[in-house]
Engineer: 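Handing you a structure now.
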Amino acid sequence: MRFTYVLLLALLGCFLLGQVGCDTSSSTESSTSSSDTSTSTDSSASSSSDTATSASSSSDESSTTTTAATTTTTTKTSSSSSKAAARRRRAAARRRRLARQRRKRQQRQRRRQQQRRRRQQQRRRQNRRG
């Protein structure tokens, strides 16, 4: 059961990191295309593209941190809701089991009563004859 949760969380984490990766690559592509568009090759242009790259990498780190916090919150929530669901399933199974036992007990009681009635009727018949 725990393995399933771990696997689910790993897939969720990969998906979220993939989303962050897609956002990063699109912002990097846009900064690269803007630097390709400029025709000047002086050092100030290259330093501005380096600054843009470092700014985007620092925002990626903060996105990753936020994603990790969100994943932790999701884990706690899904864990508590799955525990509650498991508790409800166990309670429902217990109610079904108790109901089944009660029905069997009632059926046994009915059978015994019917057997007693039959015996009494047989005794009465024998007493009338004899």
Side-chain angles (χ1 to χ4, degrees):
M1 189 77 143
R2 290 182 183 171
F3 176 75
T4 307
Y5 292 128
V6 171
L7 184 62
L8 181 65
L9 289 173
L11 289 172
L12 180 64
C14 291
F15 175 74
L16 291 173
L17 287 174
Q19 289 290 337
V20 171
C22 290
D23 294 341
T24 304
S25 64
S26 64
S27 65
T28 306
E29 288 172 5
S30 64
S31 66
T32 305
S33 64
S34 65
S35 65
D36 288 344
T37 307
S38 67
T39 53
S40 64
T41 56
D42 64 338
S43 62
S44 63
S46 65
S47 66
S48 66
S49 71
D50 291 342
T51 306
T53 305
S54 65
S56 69
S57 66
S58 66
S59 71
D60 292 342
E61 290 171 5
S62 65
S63 298
T64 305
T65 306
T66 306
T67 304
T70 305
T71 304
T72 305
T73 306
T74 306
T75 304
K76 290 178 182 175
T77 305
S78 66
S79 174
S80 63
S81 66
S82 66
K83 286 181 183 178
R87 212 175 305 123
R88 284 192 299 270
R89 282 193 303 272
R90 284 193 304 271
R94 183 172 188 263
R95 282 192 300 271
R96 285 192 302 271
R97 186 179 69 248
L98 291 174
R100 197 176 323 120
Q101 289 173 350
R102 185 172 51 248
R103 281 193 304 272
K104 286 182 180 180
R105 190 170 46 249
Q106 289 171 348
Q107 287 173 351
R108 277 195 306 267
Q109 288 174 349
R110 281 189 211 113
R111 265 189 253 121
R112 287 178 186 155
Q113 287 174 351
Q114 288 173 351
Q115 288 173 350
R116 270 188 233 125
R117 285 186 197 126
R118 285 184 198 131
R119 285 186 203 124
Q120 287 174 351
Q121 288 173 353
Q122 286 176 351
R123 285 184 198 137
R124 285 183 195 138
R125 286 180 197 143
Q126 287 176 351
N127 289 339
R128 286 182 195 153
R129 292 179 192 159

Engineer: With sequence neighbours excluded, what pairs up with A99 under the side chain to side chain contact (heavy atoms under 4.5 Å, CB included) test?
Structural biologist: R102, R103

Engineer: Only one of Q126, Q122, Q120 clears side-chain contact (heavy atoms from CB on, under 4.5 Å) with R124; which?
Structural biologist: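 Exactly one option meets the side-chain contact (heavy atoms from CB on, under 4.5 Å) with R124, and it is Q120.
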
Engineer: Please enumerate all residues that pass side chain to side chain contact (heavy atoms under 4.5 Å, CB included) together with Q109, with sequence neighbours excluded.
Structural biologist: R105

Engineer: Once side chain to side chain contact (heavy atoms under 4.5 Å, CB included) is applied, do any residues pair with A86, and if so which ones, sequence neighbours excluded?
Structural biologist: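 A86 satisfies side chain to side chain contact (heavy atoms under 4.5 Å, CB included) with R89, R90 only.
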
Engineer: Restricting to side chain to side chain contact (heavy atoms under 4.5 Å, CB included), what partner residues turn up for R2, sequence neighbours left out?
Structural biologist: none

Engineer: For the CD atom of Q114 and the CZ atom of R118, what is their distance to the nearest 0.5 Å?
Structural biologist: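 Here the rounded value is 5.5 Å.
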
Engineer: Measure the spacing between CG of L7 and CG of L12 and express it to the nearest 0.5 Å.
Structural biologist: 11.5 Å

